[in-house]
Number of protein chains: 2
Amino acid sequence: MSVDTAREKFQAYLAQQGLRVTNQRLAIFDAAFAQKEHFTAEQLLTRARAIDDSVSRATVYRTLPLMTGSNILREVDIGSGEKFYMPAGTGGTQVAQVVCVDCDKIFEISAPFMEWYGSTVSLKLGLKPVSQRLQVSAQCIAFRSAGRCPNRLKK
Amino acid sequence: MSVDTAREKFQAYLAQQGLRVTNQRLAIFDAAFAQKEHFTAEQLLTRARAIDDSVSRATVYRTLPLMTGSNILREVDIGSGEKFYMPAGTGGTQVAQVVCVDCDKIFEISAPFMEWYGSTVSLKLGLKPVSQRLQVSAQCIAFRSAGRCPNRLKK
DNA sequence: TTTCTTGCAAAGGTTTTGCAGACCC
DNA sequence: GGGTCTGCAAAACCTTTGCAAGAAA
């Protein structure tokens, strides 16, 4: 999905919800799509402020659900306190996250079989699956050779 | 794994780390193994206090990592603000969580096929998988028939 | 004018931590 | 004594929310 397509989807979503396309929302959108890495709300705030310094933290947090709601952004929760976001890839595809145990770097990998996992598991319980996520903790290459990741953040 | 086995593992872990087996730690252990449901830190505190009312919240939070570290407790993060815990089942087995979208009830189910996924990841990314979890959001039976779960907690 | 937006600051909820006293070896 | 452990309260952390001012329709 191109940035322009995403912007259209975002604006259409806002319109449909009776919401307005403001400069702040656009700045946040542009900041989010300025690069392809995972980012946190705080990082998004910093980048959005570089575009429009009137953007506040509150507005970032209020805009994030609008972007995930319009399916242009995907939320990734690796259970580390803060949530990560990234531009949603082309529709439909199931994605799994692989997180390095040391540096918390997030790799993403296509996992088309995940859908089958979810149905199998849900069927056993008589539940109807809505969504699913597969997360793998792993040791990245740097960690295995050096015993520690170069871009490690933790203590 | 029986409660007694778990207690032995826990005490062995403490000894090995040069830590002490205190009344508070044992009360927290007993509270955790008193039942098989998922529980939160706060619920654990309440139950531990019923056993030994000198147990503080701080000690509960300090003891939880000791119990997960000794592999007698498993941490389950469904991305809902608070973490859940439950006694670890018999080793090795891969487990998936199915969470009801409405009441947040957590079902657990054995998912042996997940193991296969680990090798896939290794091959594609050159990473060494450590653990993996599959979480499925689903609608439980009560929700589908009533449009709302009886034990729902959210607003 | 009516509705939607915003920034600020305060509040929210869970988890962590500094500290002084208590405890065990 | 030297190390560990504890409760308390405060702090840290990310996120949400109340509010009054502001902007758009």
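Fair warning: this is a prediction, and the values are worked out from it, not measured in the lab.
- Between B:R133 and B:D77, the shortest heavy-atom contact is NH1-O, 3.3 Å.
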The contact string for nucleotides 13-25 of chain C, one letter per nucleotide 5' to 3', using protein heavy atoms under 4.0 Å with B, S and - for base, sugar-phosphate only and none, comes out as -SBBBB----BB-
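- Nearest heavy atoms, B:R74 versus B:E108: NH2-OE1, 2.6 Å.
- For B:Y117 and B:F113, the ring centers are positioned 6.0 Å apart or more.
- Whole-Å rounding puts the A:L14 CG to D:dA24 C1' distance at 14 Å.
- B:K128 NZ: 12 or fewer foreign heavy atoms inside a 6.0 Å radius.
- Both B:G18 and B:V60 lie near DNA chain D, and the one whose nearest nucleotide falls closer to the 5' end is B:G18.
- Rounded to a whole Å, the CG atom of A:L26 is 13 Å from the P atom of D:dA24.
- In this entry the distance linking CZ of A:R25 with P of D:dA24 reads 13 Å, nearest Å.
- Look at CG on B:D52: it is 16 Å from P on D:dC5, rounded to the nearest Å.
- Remark: C1' of D:dG2 and CG of B:L19 are 16 Å apart, rounded to the nearest angstrom.
- At whole-Å resolution of the value, CZ in A:F84 and C1' in D:dT15 are 15 Å apart.
- Salt bridge B:R47/B:D30: absent, no basic N to carboxylate O contact under 4.0 Å.
- Hydrophobic clustering of Ile, Leu, Val, Met, Phe, Trp and Tyr side chains at less than 4.5 Å, counting indirect connections, keeps B:I78 apart from B:V136.
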